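Report on the structure given below.
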Amino acid sequence: MAQYNYIRFLFFNQKKSKRAIASELGIHRDTVTRAIANPEQKYRLSTDRPQPVNGDFKKRINIMVKENHEAPKGQKLTKLRMYELICEEGYSGTYSSFTYQCRKEEEELHIHQQEAYLKLVPISGSLQVDFGEVYSKRNGVPVKKHAFCAKLCSGKGEFVKAYPREQTEFFFDGLSSAFKFFGGIPKKIIFDNLKPAVKTVLKEQDRILQQEFLKIQSFYSFEAEFCGPGKGNEKGLVENLVKYVQNNYFLPRPEFISFEDTNQMLLKKCLHRLRTRKHLGETWEKRLLAEDFLPLTEIYEYARLKDVKVSSYQLVHIDTNRYSVPTEYVGKRLQARLYPFEIRLVYNDKVVAVHDRLFGKNKEILNPYHFLSLLWKKARGYDQAKVIQDWKLPEIYTEYHRLIQAHLGSKSKGTREFIDILRLTEEYSVPTIARILKELDQKNRYSYQDVLSVLRYQTQCTSGTQYLADDILKKLNIDHIHTTHLPLSEYDSLLVKGGEING
(Lines give C-alpha, C1' and ligand atoms only; values in the text may rest on other atoms or scores of the structure.)
Protein backbone atom coordinates (compact mmCIF):
# COMPACT_ATOMS: atom_id res chain seq x y z
CA MET A 1 0.00 0.00 0.00
CA ALA A 2 2.87 2.41 0.87
CA GLN A 3 4.56 1.65 -2.44
CA TYR A 4 1.33 2.31 -4.37
CA ASN A 5 0.91 5.65 -2.59
CA TYR A 6 4.51 6.63 -3.38
CA ILE A 7 4.09 5.72 -7.06
CA ARG A 8 0.98 7.93 -7.29
CA PHE A 9 2.83 10.74 -5.45
CA LEU A 10 5.75 10.62 -7.94
CA PHE A 11 3.41 10.52 -10.92
CA PHE A 12 0.79 13.12 -9.99
CA ASN A 13 2.74 15.37 -7.65
CA GLN A 14 6.30 15.21 -8.99
CA LYS A 15 5.19 14.80 -12.62
CA LYS A 16 7.63 11.95 -13.30
CA SER A 17 7.12 9.52 -16.17
CA LYS A 18 6.21 5.88 -15.72
CA ARG A 19 9.64 4.84 -17.06
CA ALA A 20 11.44 7.11 -14.55
CA ILE A 21 9.34 5.79 -11.65
CA ALA A 22 9.91 2.14 -12.62
CA SER A 23 13.65 2.77 -12.94
CA GLU A 24 13.87 4.64 -9.63
CA LEU A 25 11.95 1.99 -7.67
CA GLY A 26 13.25 -1.03 -9.58
CA ILE A 27 9.76 -2.36 -10.44
CA HIS A 28 7.97 -3.32 -13.63
CA ARG A 29 6.25 -0.60 -15.61
CA ASP A 30 2.94 -2.57 -15.48
CA THR A 31 2.99 -2.26 -11.70
CA VAL A 32 3.36 1.51 -12.05
CA THR A 33 0.46 1.58 -14.53
CA ARG A 34 -1.83 -0.40 -12.17
CA ALA A 35 -1.04 1.90 -9.23
CA ILE A 36 -1.82 5.01 -11.29
CA ALA A 37 -5.14 3.54 -12.61
CA ASN A 38 -6.31 2.11 -9.28
CA PRO A 39 -6.62 4.81 -6.56
CA GLU A 40 -8.39 2.49 -4.04
CA GLN A 41 -5.54 -0.03 -4.16
CA LYS A 42 -7.89 -3.02 -4.02
CA TYR A 43 -6.70 -6.47 -4.90
CA ARG A 44 -8.56 -7.72 -7.94
CA LEU A 45 -8.61 -11.18 -9.40
CA SER A 46 -8.03 -11.15 -13.14
CA THR A 47 -9.02 -14.82 -13.41
CA ASP A 48 -11.13 -17.07 -11.20
CA ARG A 49 -9.28 -19.23 -8.75
CA PRO A 50 -9.33 -22.91 -9.55
CA GLN A 51 -11.98 -24.78 -7.52
CA PRO A 52 -11.38 -28.48 -7.96
CA VAL A 53 -13.88 -29.41 -5.19
CA ASN A 54 -16.83 -27.54 -6.77
CA GLY A 55 -16.00 -28.70 -10.28
CA ASP A 56 -17.88 -32.00 -10.14
CA PHE A 57 -20.81 -30.46 -8.22
CA LYS A 58 -21.41 -27.30 -10.27
CA LYS A 59 -24.43 -28.77 -12.06
CA ARG A 60 -25.87 -30.10 -8.81
CA ILE A 61 -25.40 -26.74 -7.05
CA ASN A 62 -27.05 -25.00 -10.03
CA ILE A 63 -30.11 -27.29 -9.75
CA MET A 64 -30.33 -26.84 -5.97
CA VAL A 65 -30.22 -23.03 -6.26
CA LYS A 66 -32.85 -23.01 -9.00
CA GLU A 67 -35.23 -25.40 -7.17
CA ASN A 68 -34.82 -23.46 -3.93
CA HIS A 69 -35.64 -20.19 -5.68
CA GLU A 70 -38.84 -21.66 -7.18
CA ALA A 71 -39.97 -23.32 -3.92
CA PRO A 72 -42.91 -21.81 -1.95
CA LYS A 73 -41.96 -19.26 0.70
CA GLY A 74 -42.40 -21.58 3.66
CA GLN A 75 -40.32 -24.33 2.05
CA LYS A 76 -37.19 -22.42 1.03
CA LEU A 77 -33.91 -23.82 2.41
CA THR A 78 -31.15 -21.85 4.03
CA LYS A 79 -27.65 -22.03 2.56
CA LEU A 80 -26.53 -24.01 5.61
CA ARG A 81 -29.25 -26.61 5.10
CA MET A 82 -28.43 -26.88 1.39
CA TYR A 83 -24.76 -27.38 2.34
CA GLU A 84 -25.68 -30.17 4.78
CA LEU A 85 -27.74 -31.93 2.09
CA ILE A 86 -25.02 -31.73 -0.58
CA CYS A 87 -22.44 -33.04 1.90
CA GLU A 88 -24.63 -36.14 2.29
CA GLU A 89 -24.21 -36.60 -1.48
CA GLY A 90 -20.41 -36.66 -1.16
CA TYR A 91 -19.43 -32.98 -1.42
CA SER A 92 -16.13 -32.43 0.44
CA GLY A 93 -15.68 -28.67 0.06
CA THR A 94 -15.95 -26.07 2.81
CA TYR A 95 -19.09 -24.07 3.53
CA SER A 96 -17.50 -20.89 2.14
CA SER A 97 -16.61 -22.69 -1.11
CA PHE A 98 -20.20 -23.89 -1.42
CA THR A 99 -21.72 -20.44 -0.80
CA TYR A 100 -19.27 -18.85 -3.27
CA GLN A 101 -20.49 -21.22 -5.96
CA CYS A 102 -24.13 -20.56 -4.96
CA ARG A 103 -23.64 -16.82 -5.44
CA LYS A 104 -22.12 -17.37 -8.87
CA GLU A 105 -25.06 -19.57 -9.89
CA GLU A 106 -27.54 -16.96 -8.58
CA GLU A 107 -25.87 -14.28 -10.68
CA GLU A 108 -26.04 -16.46 -13.79
CA LEU A 109 -29.71 -17.26 -13.12
CA HIS A 110 -30.43 -13.56 -12.36
CA ILE A 111 -31.76 -14.43 -8.92
CA HIS A 112 -31.74 -11.39 -6.65
CA GLN A 113 -31.77 -12.45 -3.01
CA GLN A 114 -32.35 -8.95 -1.62
CA GLU A 115 -35.36 -6.88 -2.60
CA ALA A 116 -35.17 -3.13 -3.16
CA TYR A 117 -37.67 -0.85 -1.44
CA LEU A 118 -39.05 2.63 -1.99
CA LYS A 119 -39.22 5.17 0.79
CA LEU A 120 -42.78 6.45 0.90
CA VAL A 121 -44.24 9.68 2.25
CA PRO A 122 -47.01 8.86 4.80
CA ILE A 123 -50.50 9.98 3.81
CA SER A 124 -52.55 11.89 6.39
CA GLY A 125 -55.67 9.99 7.38
CA SER A 126 -54.26 6.53 6.57
CA LEU A 127 -54.13 3.59 8.98
CA GLN A 128 -52.43 0.18 9.07
CA VAL A 129 -54.02 -2.71 10.99
CA ASP A 130 -53.06 -6.28 11.81
CA PHE A 131 -53.41 -9.03 14.41
CA GLY A 132 -50.53 -10.44 16.45
CA GLU A 133 -50.28 -13.31 18.94
CA VAL A 134 -49.52 -12.39 22.55
CA TYR A 135 -49.33 -14.45 25.73
CA SER A 136 -50.41 -13.93 29.32
CA LYS A 137 -50.41 -16.51 32.07
CA ARG A 138 -53.09 -17.96 34.34
CA ASN A 139 -51.94 -20.00 37.32
CA GLY A 140 -48.55 -20.33 35.64
CA VAL A 141 -50.02 -21.67 32.38
CA PRO A 142 -49.56 -19.60 29.16
CA VAL A 143 -52.79 -18.12 27.77
CA LYS A 144 -52.72 -17.15 24.08
CA LYS A 145 -54.58 -14.05 22.96
CA HIS A 146 -54.75 -12.09 19.72
CA ALA A 147 -53.90 -8.38 19.82
CA PHE A 148 -55.64 -6.15 17.29
CA CYS A 149 -53.09 -3.44 16.44
CA ALA A 150 -53.72 -0.19 14.55
CA LYS A 151 -51.10 2.44 13.67
CA LEU A 152 -51.59 5.81 11.98
CA CYS A 153 -49.14 6.34 9.10
CA SER A 154 -48.72 10.10 9.54
CA GLY A 155 -49.72 10.92 13.11
CA LYS A 156 -48.09 7.76 14.55
CA GLY A 157 -50.88 7.22 17.10
CA GLU A 158 -51.46 3.60 18.18
CA PHE A 159 -54.40 1.51 19.37
CA VAL A 160 -54.25 -2.04 20.75
CA LYS A 161 -57.03 -4.33 21.98
CA ALA A 162 -56.90 -8.01 22.95
CA TYR A 163 -59.33 -10.69 21.76
CA PRO A 164 -59.55 -14.47 22.14
CA ARG A 165 -59.62 -15.08 18.36
CA GLU A 166 -59.36 -13.36 14.97
CA GLN A 167 -62.97 -13.99 13.90
CA THR A 168 -65.14 -11.45 12.11
CA GLU A 169 -66.90 -10.04 15.19
CA PHE A 170 -63.54 -9.36 16.92
CA PHE A 171 -62.02 -7.84 13.76
CA PHE A 172 -64.96 -5.46 13.28
CA ASP A 173 -65.03 -4.54 16.97
CA GLY A 174 -61.31 -3.74 16.77
CA LEU A 175 -61.90 -1.38 13.84
CA SER A 176 -64.81 0.40 15.54
CA SER A 177 -62.87 0.67 18.83
CA ALA A 178 -59.88 2.17 16.98
CA PHE A 179 -62.13 4.74 15.29
CA LYS A 180 -63.55 5.76 18.68
CA PHE A 181 -60.04 6.02 20.15
CA PHE A 182 -58.76 8.22 17.30
CA GLY A 183 -61.98 10.25 17.13
CA GLY A 184 -62.61 9.71 13.42
CA ILE A 185 -62.50 7.32 10.49
CA PRO A 186 -59.26 7.12 8.47
CA LYS A 187 -59.94 7.60 4.77
CA LYS A 188 -57.58 4.77 3.82
CA ILE A 189 -56.85 1.57 5.73
CA ILE A 190 -54.12 -0.91 4.79
CA PHE A 191 -54.87 -4.54 5.66
CA ASP A 192 -53.18 -7.88 5.47
CA ASN A 193 -55.18 -10.56 3.62
CA LEU A 194 -57.23 -11.41 6.73
CA LYS A 195 -59.94 -14.05 6.30
CA PRO A 196 -62.69 -11.83 7.80
CA ALA A 197 -61.97 -9.35 4.99
CA VAL A 198 -60.63 -11.30 1.99
CA LYS A 199 -62.44 -14.26 0.50
CA THR A 200 -60.07 -14.88 -2.44
CA VAL A 201 -56.69 -13.36 -3.35
CA LEU A 202 -56.42 -12.68 -7.10
CA LYS A 203 -53.55 -11.26 -9.13
CA GLU A 204 -51.80 -8.08 -8.01
CA GLN A 205 -54.23 -5.88 -5.99
CA ASP A 206 -57.43 -7.65 -7.03
CA ARG A 207 -59.39 -9.31 -4.21
CA ILE A 208 -62.79 -10.94 -3.78
CA LEU A 209 -63.99 -9.51 -0.45
CA GLN A 210 -66.27 -11.05 2.15
CA GLN A 211 -69.85 -9.76 2.04
CA GLU A 212 -69.77 -8.78 5.73
CA PHE A 213 -66.59 -6.77 5.17
CA LEU A 214 -68.20 -4.93 2.26
CA LYS A 215 -71.03 -3.94 4.63
CA ILE A 216 -68.75 -2.38 7.25
CA GLN A 217 -66.67 -0.71 4.52
CA SER A 218 -69.82 0.80 3.06
CA PHE A 219 -70.99 1.89 6.54
CA TYR A 220 -67.77 3.75 7.36
CA SER A 221 -66.89 4.67 3.72
CA PHE A 222 -63.12 4.03 4.03
CA GLU A 223 -60.85 2.92 1.20
CA ALA A 224 -59.41 -0.57 1.73
CA GLU A 225 -55.97 -1.53 0.44
CA PHE A 226 -54.51 -5.03 0.80
CA CYS A 227 -50.85 -6.05 0.92
CA GLY A 228 -49.42 -8.59 -1.47
CA PRO A 229 -49.15 -12.17 -0.13
CA GLY A 230 -46.10 -12.40 2.08
CA LYS A 231 -45.41 -8.65 1.74
CA GLY A 232 -45.58 -7.60 5.37
CA ASN A 233 -43.14 -4.77 4.61
CA GLU A 234 -46.02 -2.96 2.86
CA LYS A 235 -47.47 -2.30 6.32
CA GLY A 236 -44.20 -2.10 8.21
CA LEU A 237 -45.49 0.40 10.80
CA VAL A 238 -48.07 -1.96 12.24
CA GLU A 239 -45.69 -4.94 11.93
CA ASN A 240 -43.28 -3.05 14.18
CA LEU A 241 -46.15 -2.18 16.54
CA VAL A 242 -47.03 -5.88 16.89
CA LYS A 243 -43.42 -6.64 17.89
CA TYR A 244 -43.40 -3.70 20.31
CA VAL A 245 -46.61 -4.92 21.97
CA GLN A 246 -45.26 -8.46 22.27
CA ASN A 247 -41.96 -7.34 23.78
CA ASN A 248 -43.12 -4.46 26.00
CA TYR A 249 -46.72 -5.13 27.04
CA PHE A 250 -46.60 -8.92 27.40
CA LEU A 251 -43.02 -9.59 28.58
CA PRO A 252 -42.71 -10.64 31.29
CA ARG A 253 -46.07 -12.29 30.84
CA PRO A 254 -48.76 -10.56 32.94
CA GLU A 255 -51.33 -12.49 34.95
CA PHE A 256 -54.56 -12.91 32.97
CA ILE A 257 -57.68 -11.96 34.93
CA SER A 258 -60.16 -11.09 32.19
CA PHE A 259 -60.26 -9.48 28.76
CA GLU A 260 -61.77 -6.39 30.33
CA ASP A 261 -58.82 -6.08 32.71
CA THR A 262 -56.28 -6.70 29.92
CA ASN A 263 -57.89 -4.17 27.59
CA GLN A 264 -57.98 -1.51 30.32
CA MET A 265 -54.23 -2.02 30.73
CA LEU A 266 -53.66 -1.72 26.96
CA LEU A 267 -55.84 1.40 26.73
CA LYS A 268 -53.83 3.15 29.47
CA LYS A 269 -50.56 2.33 27.72
CA CYS A 270 -51.88 3.60 24.36
CA LEU A 271 -53.05 6.86 25.97
CA HIS A 272 -49.71 7.30 27.73
CA ARG A 273 -47.75 6.89 24.48
CA LEU A 274 -50.17 9.17 22.64
CA ARG A 275 -49.55 11.96 25.16
CA THR A 276 -45.80 11.52 25.67
CA ARG A 277 -44.30 10.25 22.39
CA LYS A 278 -43.19 12.81 19.80
CA HIS A 279 -42.68 12.87 16.03
CA LEU A 280 -41.07 15.82 14.26
CA GLY A 281 -41.14 17.79 17.51
CA GLU A 282 -44.88 17.31 18.17
CA THR A 283 -46.66 14.86 20.46
CA TRP A 284 -48.72 12.14 18.80
CA GLU A 285 -51.79 13.62 20.50
CA LYS A 286 -51.21 17.00 18.83
CA ARG A 287 -50.51 15.40 15.44
CA LEU A 288 -53.76 13.47 15.78
CA LEU A 289 -55.69 16.74 15.54
CA ALA A 290 -54.26 17.36 12.07
CA GLU A 291 -55.26 13.95 10.66
CA ASP A 292 -57.57 13.96 7.63
CA PHE A 293 -60.40 11.83 9.05
CA LEU A 294 -63.98 11.18 8.05
CA PRO A 295 -66.44 12.14 10.83
CA LEU A 296 -67.49 9.32 13.17
CA THR A 297 -71.24 9.75 13.73
CA GLU A 298 -72.35 6.20 14.47
CA ILE A 299 -70.79 2.88 15.50
CA TYR A 300 -71.30 -0.21 13.35
CA GLU A 301 -72.82 -2.97 15.46
CA TYR A 302 -72.05 -6.47 14.23
CA ALA A 303 -72.95 -9.86 15.67
CA ARG A 304 -72.28 -13.27 14.20
CA LEU A 305 -75.63 -15.06 13.90
CA LYS A 306 -76.26 -18.70 14.69
CA ASP A 307 -79.47 -20.76 14.91
CA VAL A 308 -79.68 -22.89 18.05
CA LYS A 309 -82.22 -25.24 19.61
CA VAL A 310 -82.99 -25.26 23.34
CA SER A 311 -82.42 -28.66 24.92
CA SER A 312 -84.67 -30.24 27.55
CA TYR A 313 -82.21 -28.98 30.17
CA GLN A 314 -82.92 -25.37 29.11
CA LEU A 315 -79.51 -25.02 27.46
CA VAL A 316 -78.29 -23.92 24.04
CA HIS A 317 -74.91 -25.11 22.73
CA ILE A 318 -72.64 -22.50 21.12
CA ASP A 319 -68.98 -23.15 20.23
CA THR A 320 -68.74 -26.16 22.62
CA ASN A 321 -70.12 -24.09 25.54
CA ARG A 322 -73.63 -23.98 27.05
CA TYR A 323 -75.95 -21.13 28.04
CA SER A 324 -79.29 -21.24 29.88
CA VAL A 325 -82.65 -19.81 28.78
CA PRO A 326 -86.04 -19.55 30.57
CA THR A 327 -88.10 -22.73 30.86
CA GLU A 328 -90.85 -21.68 28.42
CA TYR A 329 -88.38 -21.83 25.48
CA VAL A 330 -87.48 -25.52 25.87
CA GLY A 331 -87.60 -27.23 22.47
CA LYS A 332 -87.81 -23.96 20.55
CA ARG A 333 -85.31 -22.62 18.01
CA LEU A 334 -83.63 -19.36 18.90
CA GLN A 335 -81.25 -17.02 17.15
CA ALA A 336 -77.92 -16.54 18.94
CA ARG A 337 -76.25 -13.17 18.33
CA LEU A 338 -72.55 -13.49 19.09
CA TYR A 339 -70.95 -10.17 20.03
CA PRO A 340 -67.25 -10.01 20.98
CA PHE A 341 -67.85 -10.42 24.73
CA GLU A 342 -71.60 -10.97 24.97
CA ILE A 343 -74.23 -13.41 23.68
CA ARG A 344 -77.88 -12.49 23.18
CA LEU A 345 -80.51 -15.18 22.61
CA VAL A 346 -83.51 -13.99 20.61
CA TYR A 347 -86.94 -15.53 19.94
CA ASN A 348 -89.28 -13.77 17.50
CA ASP A 349 -87.24 -10.54 17.76
CA LYS A 350 -87.46 -10.64 21.57
CA VAL A 351 -84.26 -10.94 23.62
CA VAL A 352 -84.95 -13.78 26.06
CA ALA A 353 -81.46 -14.16 27.60
CA VAL A 354 -78.18 -12.25 27.75
CA HIS A 355 -74.89 -13.85 28.88
CA ASP A 356 -71.22 -13.01 29.05
CA ARG A 357 -69.52 -14.90 26.25
CA LEU A 358 -67.50 -17.94 27.29
CA PHE A 359 -64.13 -18.83 25.77
CA GLY A 360 -62.58 -22.25 26.03
CA LYS A 361 -64.39 -25.59 25.91
CA ASN A 362 -67.13 -27.39 27.86
CA LYS A 363 -68.08 -24.44 30.06
CA GLU A 364 -71.58 -23.31 30.96
CA ILE A 365 -73.49 -20.38 32.40
CA LEU A 366 -76.68 -21.18 34.35
CA ASN A 367 -78.79 -18.17 35.23
CA PRO A 368 -80.72 -19.28 38.37
CA TYR A 369 -83.69 -17.04 37.54
CA HIS A 370 -84.23 -19.04 34.34
CA PHE A 371 -84.92 -22.16 36.45
CA LEU A 372 -87.07 -20.88 39.32
CA SER A 373 -90.40 -21.56 37.62
CA LEU A 374 -89.32 -25.16 36.85
CA LEU A 375 -88.04 -25.64 40.41
CA TRP A 376 -91.38 -24.38 41.76
CA LYS A 377 -93.10 -27.21 39.83
CA LYS A 378 -90.43 -29.81 40.68
CA ALA A 379 -89.81 -28.75 44.27
CA ARG A 380 -88.47 -32.18 45.30
CA GLY A 381 -85.47 -31.70 43.04
CA TYR A 382 -84.51 -28.32 44.55
CA ASP A 383 -81.68 -29.50 46.82
CA GLN A 384 -79.97 -31.55 44.09
CA ALA A 385 -80.39 -29.02 41.28
CA LYS A 386 -76.98 -28.03 39.89
CA VAL A 387 -78.08 -24.45 39.32
CA ILE A 388 -78.89 -24.07 43.05
CA GLN A 389 -75.66 -25.73 44.16
CA ASP A 390 -73.68 -23.39 41.88
CA TRP A 391 -75.59 -20.36 43.18
CA LYS A 392 -73.46 -19.19 46.08
CA LEU A 393 -76.15 -17.70 48.33
CA PRO A 394 -75.42 -16.44 51.87
CA GLU A 395 -75.91 -18.99 54.65
CA ILE A 396 -79.08 -17.27 55.92
CA TYR A 397 -80.95 -18.43 52.80
CA THR A 398 -80.30 -22.13 53.57
CA GLU A 399 -81.31 -21.64 57.19
CA TYR A 400 -84.47 -19.68 56.34
CA HIS A 401 -85.46 -22.33 53.76
CA ARG A 402 -85.23 -25.05 56.43
CA LEU A 403 -87.23 -22.99 58.94
CA ILE A 404 -90.03 -22.27 56.43
CA GLN A 405 -90.32 -25.99 55.74
CA ALA A 406 -90.52 -26.68 59.48
CA HIS A 407 -93.04 -23.87 60.03
CA LEU A 408 -95.37 -25.17 57.28
CA GLY A 409 -94.78 -28.81 58.14
CA SER A 410 -94.15 -29.66 54.49
CA LYS A 411 -90.89 -29.75 52.50
CA SER A 412 -92.57 -29.17 49.14
CA LYS A 413 -94.78 -26.29 50.34
CA GLY A 414 -91.86 -24.74 52.21
CA THR A 415 -89.63 -24.97 49.11
CA ARG A 416 -92.26 -23.38 46.87
CA GLU A 417 -92.73 -20.49 49.27
CA PHE A 418 -88.95 -20.10 49.54
CA ILE A 419 -88.66 -20.00 45.72
CA ASP A 420 -91.14 -17.10 45.74
CA ILE A 421 -88.70 -15.32 48.08
CA LEU A 422 -85.79 -16.08 45.73
CA ARG A 423 -87.70 -14.43 42.89
CA LEU A 424 -87.57 -11.15 44.84
CA THR A 425 -83.75 -11.16 44.72
CA GLU A 426 -83.77 -10.53 40.95
CA GLU A 427 -85.26 -7.07 41.49
CA TYR A 428 -84.04 -6.19 44.97
CA SER A 429 -80.65 -8.02 45.06
CA VAL A 430 -79.44 -10.96 47.14
CA PRO A 431 -77.86 -8.84 49.94
CA THR A 432 -81.07 -6.79 50.46
CA ILE A 433 -83.26 -9.86 50.88
CA ALA A 434 -80.58 -11.49 53.08
CA ARG A 435 -80.81 -8.58 55.56
CA ILE A 436 -84.61 -8.95 55.69
CA LEU A 437 -84.33 -12.72 56.30
CA LYS A 438 -81.97 -12.11 59.24
CA GLU A 439 -84.38 -9.55 60.70
CA LEU A 440 -87.38 -11.91 60.36
CA ASP A 441 -85.43 -14.84 61.78
CA GLN A 442 -84.84 -12.85 64.97
CA LYS A 443 -88.63 -12.30 65.24
CA ASN A 444 -89.48 -15.96 64.41
CA ARG A 445 -91.46 -14.94 61.32
CA TYR A 446 -91.11 -17.36 58.41
CA SER A 447 -93.20 -16.72 55.31
CA TYR A 448 -93.12 -15.08 51.91
CA GLN A 449 -95.76 -12.56 53.06
CA ASP A 450 -93.56 -11.48 55.96
CA VAL A 451 -90.63 -10.85 53.62
CA LEU A 452 -92.86 -8.95 51.20
CA SER A 453 -94.35 -6.85 54.02
CA VAL A 454 -90.91 -5.76 55.32
CA LEU A 455 -89.70 -5.10 51.78
CA ARG A 456 -92.69 -2.89 50.99
CA TYR A 457 -92.27 -0.97 54.22
CA GLN A 458 -88.56 -0.35 53.54
CA THR A 459 -89.04 0.71 49.94
CA GLN A 460 -92.35 2.61 50.14
CA CYS A 461 -92.38 4.26 53.59
CA THR A 462 -90.19 7.26 54.31
CA SER A 463 -89.54 9.13 57.53
CA GLY A 464 -90.41 12.83 57.45
CA THR A 465 -91.38 15.01 54.53
CA GLN A 466 -88.92 15.97 51.84
CA TYR A 467 -88.54 19.63 50.91
CA LEU A 468 -89.45 20.53 47.37
CA ALA A 469 -86.46 21.16 45.14
CA ASP A 470 -85.67 24.76 44.12
CA ASP A 471 -86.36 24.12 40.44
CA ILE A 472 -89.84 22.81 41.30
CA LEU A 473 -90.58 25.86 43.45
CA LYS A 474 -89.58 28.15 40.57
CA LYS A 475 -91.90 26.33 38.18
CA LEU A 476 -94.80 26.80 40.61
CA ASN A 477 -94.18 30.59 40.44
CA ILE A 478 -94.87 31.17 44.15
CA ASP A 479 -92.16 33.75 44.77
CA HIS A 480 -94.74 36.57 44.83
CA ILE A 481 -96.94 34.91 47.47
CA HIS A 482 -96.41 36.23 51.01
CA THR A 483 -98.02 35.10 54.27
CA THR A 484 -98.56 36.95 57.56
CA HIS A 485 -98.52 35.45 61.02
CA LEU A 486 -101.67 36.40 63.05
CA PRO A 487 -101.35 36.92 66.81
CA LEU A 488 -103.17 34.34 68.95
CA SER A 489 -105.57 37.01 70.25
CA GLU A 490 -107.20 37.10 66.84
CA TYR A 491 -108.64 33.60 67.48
CA ASP A 492 -110.79 35.11 70.27
CA SER A 493 -112.97 36.58 67.55
CA LEU A 494 -114.31 33.09 66.98
CA LEU A 495 -115.97 33.23 70.39
CA VAL A 496 -117.96 36.34 69.72
CA LYS A 497 -121.64 36.24 68.81
CA GLY A 498 -122.13 34.66 65.44
CA GLY A 499 -118.82 32.82 65.70
CA GLU A 500 -119.61 30.68 68.75
CA ILE A 501 -119.45 26.97 68.33
CA ASN A 502 -122.49 25.22 69.71
CA GLY A 503 -121.55 22.34 71.96
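Heavy-atom basis, side chains included; hydrogens, waters and symmetry copies ignored. These figures come from a predicted structure and were not determined experimentally.
Residues passing the salt bridge (charged side-chain N to carboxylate O under 4.0 Å, His left out) test with Glu166, sequence neighbours excluded: none. For Asn444, the side-chain hydrogen bond (donor to acceptor under 3.5 Å, both in side chains) test picks out Tyr446, with sequence neighbours left out. With sequence neighbours excluded, no residue forms a salt bridge (charged side-chain N to carboxylate O under 4.0 Å, His left out) with Lys378. Taking Gln314 as the reference, Thr327, Val330, His370, Phe371, Leu374 meet the side-chain contact (heavy atoms from CB on, under 4.5 Å) condition, with sequence neighbours excluded. Remark: Tyr313 engages no residue in a ring-ring contact (aromatic ring centres under 6.0 Å, His included) (not counting sequence neighbours). Partners of Tyr397 by ring-ring contact (aromatic ring centres under 6.0 Å, His included), not counting sequence neighbours: none found. Every side-chain contact (heavy atoms from CB on, under 4.5 Å) that Glu133 has, sequence neighbours left out, goes to Tyr135, Lys144, His146. Scanning for salt bridge (charged side-chain N to carboxylate O under 4.0 Å, His left out) contacts around Glu255 gives an empty result, with sequence neighbours left out. Ser177 pairs by the side-chain contact (heavy atoms from CB on, under 4.5 Å) definition with Phe159, Lys161, Tyr163, Asp173, not counting sequence neighbours. Looking at residues two or more places apart in sequence or on another chain, you find a side-chain contact (heavy atoms from CB on, under 4.5 Å) between Tyr448 and Glu417, Asp420, Ile421, Leu424, Leu452. With sequence neighbours left out, Trp284 forms a ring-ring contact (aromatic ring centres under 6.0 Å, His included) with no residue at all. Among residues two or more places apart in sequence or in another chain, the salt bridge (charged side-chain N to carboxylate O under 4.0 Å, His left out) test is passed with Lys392 by none.
Here the CZ-CG distance, from Arg445 to Asp441, works out to 12.0 Å after rounding to the nearest 0.5 Å.
The shortest distance between side-chain heavy atoms of Glu158 and Cys149 does not fall below 4.5 Å. Considering only heavy atoms from C-beta on, Ile208 stays 4.5 Å or farther from Val198 through its side chain.
A salt bridge is absent between Asp307 and Arg333; no separation between the charged side-chain nitrogens and carboxylate oxygens falls under 4.0 Å. Ion pairing between Arg357 and Asp319 holds under the 4.0 Å rule for side-chain N and carboxylate O. Looking at Glu239 and Lys243, no side-chain N of the basic residue comes within less than 4.0 Å of a carboxylate O on the acidic one, giving no salt bridge. Salt bridge Lys187/Glu223: absent, no basic N to carboxylate O contact under 4.0 Å.
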Stepwise side chain to side chain donor-acceptor pair (under 3.5 Å) check, Thr415 with Ser412
CA-CA 5 Å; Thr415 297; Ser412 296; over 6 Å; no

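The aromatic ring centres of Phe179 and Phe293 sit 6.0 Å or more apart. Residues Tyr329 and Tyr347 place their aromatic rings such that the two centres sit under 6.0 Å apart.
Taking the centre and axis of the six-membered ring of Phe172, the NZ or CZ atom of Arg304 falls outside the cone set by 45° and 6.0 Å. Both cation-pi conditions hold for Arg344 and Tyr339: the charged atom is under 6.0 angstrom from the six-membered ring centre and inside a 45 degree cone around its axis.
When all heavy atoms are compared, the tightest approach of Phe148 to Leu175 is CZ-N, 3.7 Å.
The closest side-chain donor-acceptor pair between Thr78 and Tyr83, if any, does not fall under 3.5 angstrom.
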